[in-house]
Amino acid sequence: MEERTSRKKPRERLSEFVSALREDILTGKWAIGDFLPSEKSFAAEFQLSNQSVRKGLDVLVSEGLIEKIPRVGTKVIGPLDEAFVTVKLGFHSSVTGEAGIHQLLSIFQEENPHIRVQAVPTSSTNYRYISDYLSGGILDVVMMNFMNFQECVENGAEGLLEPMERNPELYSFLSDAFQVNGRQLVQPFIFSPLILCYNREHFRAAHLSEPDSSWQWNDLIDYSSRLAISGERLGFHCDLYSSNRWPLLLLQTGGKFERHEDGRLKLAGTPMMDALRYCGEMKHSIPSLSEGVTTGESELLLAKGKASMIMTSYFYLNYLLGEQVSFDIAPVPHLGTPMTMLLNIGLAINRQSRVKAAAAKLVEFLTAYKAQLFVRQNTYSLPARKSAAEWLGEEKRYLPSRFSLFRETIPGFRYFTDLAISARELSVINQELKMYWAGLETEEAMCSQIEERLAVASLL
């Protein structure tokens with residue numbers, strides 16, 4: 001290694017020392033069986049203390065590249081196959097575009113050549129698969145959204161997750177959601193509130209003012225009818241009946257689900273049932289609302305000029321990357337009090353992982369400023385690190401003028417749990433609502449069916 005001087009901080013010089021020595025071993029500059037120079041030599045070369053050099057060498061010992069022989073010296077024993085640690089990362093396939101996950105992993109592996117990351121696509125809608133992967137030791141790091149995490153806790157499976165130190169650089173309201181009894185079990189990665197996205201040219205052509213934070217749902221219904229052109233475009237399009245969409249209207253009522261004396265969920269004759277009925281009525285007010293909308297469908301319609309407004313998230317704005325459409329965003333309409341639903345995606349470490357140190361290093365990288373800034377500069381998703389999310393600089397792609405409105409709407413962020421229901425209850429309600437809203441089940445039958453299914457589930 002060449003002699004080098006530096007004005008870098010001690011921590012940076014230590015990192016440089018470890019990286020340089022690791023690279024020299026992996027590339028064969030130091031062969032297996034060679035003895036390295038003394039700690040004193042390294043200390044002088046990298047301007048480090050002997051203690052710091054020992055810490056750096058200990059890192060390479062843990063990676064299986066060297067061994068310390070008492071009263072003899074430090075011997076190179078790698079690179080061997082065992083020296084390469086493989087971390088299996090379970091990720092939501094949608095995050096390929098929402099956060100550029102594959103590009104981030106490439107950067108990570110360039111910086112950490114001794115760690116190989118095997119990316120395993122997982123479902124974001126079925127926690128059972130994630131649980132099986134964790135308990136079976138198939139994954140070392142797993143991506144979890146807030147719903148996944150709630151299901152994990154409700155099933156008493158939080159013991160599968162390795163506690164981590166809370167990161168003060170990440171938004172506190174994101175970290176709080178992934179804690180149990182003061183333990184940080186998931187580290188926030190990216191997030192998004194629900195937002196309204198619209199085609200600015202359509203509003204200008206119709207001589208209509210653009211949406212703002214004062215909009216209520218009646219305003220959206222009115223403007224939707226004025227923007228729609230029969231046989232040409234829809235005024236508004238949205239999969240309101242997704243479990244990541246319809247709870248928004250219930251949250252905006254400010255109410256909570258009621259329960260019978262025995263703890264069972266109660267629906268019939270409650271304000272929550274009134275809100276669910278209102279969701280159904282919106283289907284008739286805005287015919288373009290539909291069940292079973294495919295991922296990215298609303299965004300595609302907006303991009304092609306076939307829809308003037310959509311309800312979406314910062315995540316799904318990524319379907320508009322590269323599209324030739326002048327769009328902007330606004331807060332979602334409300335019922336009197338501005339409020340929106342928050343989507344939160346984080347990273348958890350398998351407590352049973354045999355490569356916890358490498359797994360922790362991957363999570364640390366993905367939540368560090370460099371990776372988080374990459375997300376901010378190359379996608380429309382919001383990184384969990386505050387300094388990255390609020391970064392201001394030269395943009396690499398079209399950015400809607402109101403992109404930073406999320407900062408002002410933070411006080412109105414809500415999770416489905418603010419409705420006082422569990423993830424399991426939300427899933428059952430969601431399944432039955434589709435029948436009710438499709439006109440295949442009466443209100444009375446739906447309420448009875450939901451209560452009956454939940455009662456049976458509680459006995460299992």
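Model, not experiment: these values are computed from the prediction. Quick note: residue numbers are just sequence positions, from 1.
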Undergrad: Once you round to the nearest 0.5 Å, how far does CD of E165 lie from CD of E364?
TA: 10.0 Å
Undergrad: So, the side chain of N112 versus the backbone of I115: is there a donor-acceptor pair under 3.5 Å, distance only?
TA: no
Undergrad: Out of L161, N148, V180, which residue meets the side-chain contact (heavy atoms from CB on, under 4.5 Å) rule with V153?
TA: V180
Undergrad: Under the ring pair (Phe, Tyr, Trp, His ring centres under 6.0 Å) rule, collect the residues that match up with F403, sequence neighbours excluded.
TA: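 For F403, the residues satisfying ring pair (Phe, Tyr, Trp, His ring centres under 6.0 Å) (neighbours in sequence not counted) are Y314.
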Undergrad: Main chain of L134, side chain of N350: is a donor-acceptor contact present, judged purely on distance under 3.5 Å?
TA: yes
Undergrad: How many angstroms lie between CG in L250 and CE in M339, if you round to the nearest 0.5 Å?
TA: 11.5 Å
Undergrad: When you compare the side chain of V332 with that of Q252, does any pair of heavy atoms fall below 4.5 Å?
TA: yes
Undergrad: Do P383 and L373 make a side-chain contact, defined as non-hydrogen atoms from C-beta onward lying under 4.5 Å apart?
TA: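 The answer is no, as the side chains (C-beta and beyond) never meet within the 4.5 Å cut-off.
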Undergrad: Quick check: do Y369 and E169 have side-chain heavy atoms less than 4.5 Å from each other?
TA: no
Undergrad: Any chance you could lay out the side chain to side chain donor-acceptor pair (under 3.5 Å) test for Q449 and Y436, step after step, and finish with the verdict?
TA: CA-CA 11 Å; Q449 186 70 6; Y436 168 61; over 6 Å; no
Undergrad: Using only atom types and a distance under 3.5 Å, with no angle test, would you say the side chain of S62 pairs donor to acceptor with the backbone of V59?
TA: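 Checking the backbone N and O of V59 against the side chain of S62, a donor-acceptor pair under 3.5 Å is found.
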Undergrad: Using 0.5 Å steps for rounding, measure from the CE atom of M311 to the OG atom of S313.
TA: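 The CE atom of M311 sits 10.5 Å away from the OG atom of S313.
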Undergrad: Could you check whether the rings of W437 and W246 sit parallel, tilted or perpendicular, using 30° and 60° as the cut-offs?
TA: perpendicular
Undergrad: Answer yes or no: is there an ion pair linking D176 with R166, defined by an N-O contact shorter than 4.0 Å?
TA: yes
Undergrad: Taking side chain as C-beta onward, heavy atoms only, is T409 less than 4.5 Å from P338?
TA: no
Undergrad: According to the interplanar angle, ranging from 0 to 90°, do the rings of F17 and F42 count as parallel (below 30°), tilted (30 to 60°) or perpendicular (above 60°)?
TA: tilted
Undergrad: Show your working on side-chain contact (heavy atoms from CB on, under 4.5 Å) between V141 and V117 and close with a plain yes or no.
TA: CA-CA 10 Å; V141 178; V117 180; over 6 Å; no
Undergrad: If you compare all heavy atoms of P331 against all heavy atoms of R402, which two are closest, and at what distance to 0.1 Å?
TA: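 Shortest heavy-atom contact: CD-NH2, 4.1 Å.
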Undergrad: Could you walk me through whether L174 and L342 pass side-chain contact (heavy atoms from CB on, under 4.5 Å), step by step?
TA: CA-CA 9 Å; L174 299 176; L342 179 60; 4.1 Å; yes
Undergrad: Is R200 paired with D328 through a side-chain N to carboxylate O contact shorter than 4.0 Å?
TA: yes
Undergrad: Counting only heavy atoms not in K68, do more than 12 sit closer than 6.0 Å to its NZ atom?
TA: yes
Undergrad: When you measure from the side chain of Q377 to the backbone N and O of K396, does any donor-acceptor pair fall under 3.5 Å?
TA: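 The answer is no, because no donor-acceptor pair under 3.5 Å joins these two groups.
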Undergrad: If we ignore hydrogens and angles and just use 3.5 Å, is the side chain of D140 paired with the main-chain N or O of K88 as donor and acceptor?
TA: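 Yes, because the side chain of D140 sits within donor-acceptor range (under 3.5 Å) of the backbone of K88.
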Undergrad: Measure from the side-chain N and O atoms of R116 to the backbone N and O of P113, and report whether any donor-acceptor pair falls under 3.5 Å.
TA: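 Not at all, since once roles are kept as given, no pair shorter than 3.5 Å links the two residues.
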Undergrad: Before you tell me yes or no, could you show the steps for R385 and L170 under side-chain contact (heavy atoms from CB on, under 4.5 Å), namely the whole-Å CA-CA distance, both residues' side-chain angles and the distance that decides it to 0.1 Å?
TA: CA-CA 4 Å; R385 181 173 283 255; L170 308 183; 3.8 Å; yes
Undergrad: With heavy-atom distances below 4.5 Å as the criterion, would you say the side chains of Y380 and L399 are in contact?
TA: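 Counting from C-beta outward, Y380 and L399 do come under 4.5 Å.
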Undergrad: Can you check whether S52's main-chain N or O pairs, donor with acceptor, with S49's side chain at less than 3.5 Å?
TA: yes
Undergrad: Strictly distance-based, threshold 3.5 Å: is any side-chain N or O of Y398 a donor or acceptor partner for the main-chain N or O of F327?
TA: yes
Undergrad: Check this for me: does any side-chain nitrogen of one of E425 and R453 sit under 4.0 Å from a carboxylate oxygen of the other?
TA: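 So E425 does not pair with R453 through a salt bridge.
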Undergrad: Anything under 30° is parallel, anything over 60° is perpendicular, the rest tilted; go ahead and classify F108 against F365.
TA: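 Answer is tilted, since the angle falls between 30° and 60°.
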Undergrad: To the nearest 0.5 Å, what is the distance between CG (L105) and CZ (F91)?
TA: 8.0 Å
Undergrad: Apply side-chain contact (heavy atoms from CB on, under 4.5 Å) to L60 and T74, showing your working.
TA: CA-CA 11 Å; L60 300 181; T74 304; over 6 Å; no
Undergrad: Could you check whether any side-chain heavy atom of L317 comes within less than 4.5 Å of a side-chain heavy atom of I329, counting everything from C-beta outward?
TA: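 A side-chain contact under 4.5 Å exists here.
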Undergrad: Could you verify whether a donor N or O on one side chain and an acceptor N or O on the other, from E110 and S106, lie under 3.5 Å apart?
TA: no
Undergrad: Roughly how far apart are S172 OG and Q179 CD, rounded to 0.5 Å?
TA: 10.0 Å
Undergrad: Quick one: closest heavy-atom pair of V142 and L139, and the distance?
TA: CG2-CD1, 4.0 Å
Undergrad: Side chain to side chain donor-acceptor pair (under 3.5 Å) for S381 and N318? Distances and angles first, verdict last.
TA: CA-CA 7 Å; S381 299; N318 289 297; 3.1 Å; yes
Undergrad: Report, as yes or no, whether the 6.0 Å neighbourhood of atom CZ on R397 holds more than 12 heavy atoms from other residues, nucleotides or ligands.
TA: yes
Undergrad: Quick check: closest heavy atoms across E299 and T312, and the distance to 0.1 Å?
TA: OE2-OG1, 2.6 Å
Undergrad: Assess whether salt bridge (charged side-chain N to carboxylate O under 4.0 Å, His left out) is satisfied between E395 and R376, documenting all intermediate values.
TA: CA-CA 9 Å; E395 299 292 346; R376 168 64 180 81; 2.8 Å; yes
Undergrad: E201: what forms a salt bridge (Lys or Arg N to Asp or Glu O under 4.0 Å) with it, not counting sequence neighbours?
TA: R204
Undergrad: Does any N or O in the side chain of K356 come within less than 3.5 Å of the main-chain N or O of R351, such that one atom is a donor and the other an acceptor?
TA: yes
Undergrad: Which heavy atom of M164 sits nearest a heavy atom of A348, and at what distance?
TA: CE-CA, 4.3 Å
Undergrad: For a 4.5 angstrom cut-off between non-hydrogen side-chain atoms, does L301 reach I310?
TA: no
Undergrad: Taking all non-hydrogen atoms of both residues into account, name the closest pair between L194 and N244 and its distance.
TA: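 Distance-wise, the nearest heavy atoms are CD1-O, 3.3 Å.
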Undergrad: Can you see which heavy atom on H334 is nearest to which on S213, and at what distance?
TA: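 It is NE2-O, 3.1 Å.
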Undergrad: Output the distance between atom CG (L302) and atom CZ (R233), rounded to the nearest 0.5 Å.
TA: 10.5 Å
Undergrad: Can you confirm whether V186 sits close enough to C152 that some side-chain heavy atom of one is under 4.5 Å from a side-chain heavy atom of the other?
TA: no
Undergrad: Any Lys/Arg nitrogen of E154 or R424 sitting under 4.0 Å from an Asp/Glu carboxylate oxygen of the other?
TA: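 No.
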Undergrad: Answer yes or no: is there a donor N or O on one side and an acceptor on the other, between the side chain of Q150 and the main chain of S422, under 3.5 Å?
TA: no
